[in-house]
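Okay, so here's the structure we're looking at.
Numbers here are sequence positions counted from 1.
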Amino acid sequence: MKYARHIQNLLNLEGVNLDPHKDASHYYQTMCRLIRASDCTIDRITPYLTAPVAPLEYGRNQIYCSDLFEVIVLHVPSKVETPVHDHGEACCCVHVIKGSVLNRVYRKHANETLEILSSKHFTADEFFYSPHGQIHSMYNPTDQPIVTLHVYTPPISGNHIYPNNVLQSHKEGV
């Protein structure tokens with residue numbers, strides 16, 4: 001569990017410099033810098049991988065949480081998608097450690113239905129950012145599991161999971 005301690009030390013040092021009045025791009029740059037400095041590899045993160053536990057279809061393991069940050073590891077099997085969700089008050093930087101993930105971003109209409117705004121693939125060693133208020137899902141369209149590291153600031157609270165009945169069919173394509 002040395003890697004979790006390493007992450008904790010990096011985040012504690014960086015947390016001193018965070019200003020809640022900065023714009024979202026500041027947080028993205030800060031979190032990407034932290035993840036890069038953490039030297040996260042599949043070998044270092046493997047001890048933190050967990051199997052799916054119902055009702056989730058993927059493994060989710062919180063490896064660190066403080067007043068400023070929350071860090072989780074996701075282990076998503078082949079052809080599995082996270083629920084469509086937002087992060088409440090948090091913004092998030094995701095580092096793809098292994099595999100290829102399709103990140104889908106949605107727009108919520110006045111009638112509560114959701115529409116896909118964009119869909120983009122990210123592969124190992126790439127990063128993407130989910131700003132405060134963004135609605136998204138992550139889908140593993142491949143035959144191999146994916147592993148991702150997520151850094152949230154502040155820790156997730158007040159998040160929403162959207163029911164499938166408000167979505168267009170989107171397992172393939174888009």
Side-chain angles (χ1 to χ4, degrees), residues 7 11 15 18-32 34-35 48-97 99-122 126-141 145-174:
I7 290 278
L11 294 175
L18 285 183
D19 178 350
H21 303 296
K22 295 275 186 180
D23 66 13
S25 65
H26 169 76
Y27 288 113
Y28 173 70
Q29 294 166 1
T30 299
M31 289 187 290
C32 284
L34 287 169
I35 292 172
Y48 305 97
L49 299 182
T50 57
V53 176
L56 299 178
E57 296 181 52
Y58 54 91
R60 182 184 191 282
N61 186 12
Q62 181 188 72
I63 65 171
Y64 176 71
C65 191
S66 71
D67 289 344
L68 287 175
F69 296 104
E70 180 176 8
V71 180
I72 66 165
V73 175
L74 287 188
H75 184 220
V76 184
S78 173
K79 309 297 183 204
V80 168
E81 183 169 13
T82 66
V84 176
H85 64 282
D86 63 36
H87 299 132
E89 298 301 315
C91 57
C92 176
C93 185
V94 178
H95 180 200
V96 180
I97 306 300
S100 175
V101 63
L102 181 63
N103 185 59
R104 294 183 173 120
V105 177
Y106 300 84
R107 172 178 41 211
K108 185 176 173 182
H109 293 285
N111 66 1
E112 299 296 313
T113 61
L114 297 177
E115 169 190 10
I116 296 175
L117 285 180
S118 66
S119 186
K120 185 173 179 186
H121 281 272
F122 294 90
E126 290 187 312
F127 296 80
F128 63 93
Y129 182 64
S130 181
H132 167 77
Q134 183 179 77
I135 301 169
H136 81 121
S137 68
M138 293 179 10
Y139 175 55
N140 179 358
I146 60 170
V147 175
T148 55
L149 180 73
H150 303 241
V151 178
Y152 301 89
T153 187
I156 298 173
S157 68
N159 60 313
H160 298 91
I161 296 175
Y162 296 87
N164 287 333
N165 65 348
V166 299
L167 303 173
Q168 302 169 4
S169 176
H170 62 269
K171 286 293 182 193
E172 300 299 328
V174 180

Looking at residues at least two apart in the chain, or sitting in another chain, which of them share a side chain to side chain donor-acceptor pair (under 3.5 Å) with Glu57? none
Under the side chain to side chain donor-acceptor pair (under 3.5 Å) rule, collect the residues that match up with Asn111, sequence neighbours excluded. Thr113
Distance, nearest 0.5 Å, that separates CD of Glu70 from CD1 of Ile156: 4.5 Å
Validation: residues 85-93 side-chain donor-acceptor distances under 3.5 Å, sequence neighbours left out:
residue	atom	partner	partner atom	Å
His85	ND1	Pro83	O	2.7
His85	ND1	His136	O	3.3
His85	NE2	His87	NE2	3.2
His85	NE2	His136	NE2	3.2
Asp86	OD1	Gly88	N	3.0
Asp86	OD1	His160	N	2.8
Asp86	OD2	His160	ND1	3.1
Asp86	OD2	Tyr162	OH	3.1
His87	ND1	Ser130	OG	3.4
His87	NE2	His136	NE2	3.4

Measure across Pro155 and Asp67 and return the closest heavy-atom pair with its distance rounded to 0.1 Å. CD-O, 3.4 Å
Tell me yes or no: between the side chains of Ser119 and Tyr139, is some donor less than 3.5 Å from an acceptor? no
Quick one: CG on Asn159 to OH on Tyr152, what's the gap to the nearest 0.5 Å? 9.0 Å
Is there side-chain contact between Val147 and Leu49, with at least one heavy-atom pair below 4.5 Å? yes
Checking Phe122 now: which residues fulfil ring pair (Phe, Tyr, Trp, His ring centres under 6.0 Å) with it, not counting sequence neighbours? Phe128
Heavy-atom check, side chain of Leu149 versus side chain of Ile63, under 4.5 Å: yes
First locate atom CG of Leu102, then atom NE2 of His121, and finally report the distance between them rounded to the nearest 0.5 Å. 4.5 Å
For the student: nearest non-hydrogen atoms of Pro141 and Ser100, plus distance: CD-O, 3.8 Å
After noting the C-alpha distance and the side-chain angles of Leu114 and Val84, does the key distance pass the side chain to side chain contact (heavy atoms under 4.5 Å, CB included) rule? CA-CA 9 Å; Leu114 297 177; Val84 176; 3.7 Å; yes
The criterion is side chain to side chain donor-acceptor pair (under 3.5 Å); which residues satisfy it with Lys108, sequence neighbours excluded? Glu112
Of all the heavy-atom pairs spanning Ser66 and Tyr64, show the shortest one and how long it is. CB-OH, 3.2 Å
If you compare all heavy atoms of Val96 against all heavy atoms of Thr148, which two are closest, and at what distance to 0.1 Å? CA-CG2, 4.0 Å
Flag side-chain contact, heavy atom, 4.5 Å: Val94 against His150: yes
State which residues pass side chain to side chain donor-acceptor pair (under 3.5 Å) with Arg60; sequence neighbours excluded, sorted by chain then number. none
Can you tell me how far apart CG (Leu74) and CG (Asn140) are? Round to the nearest 0.5 Å. 11.5 Å
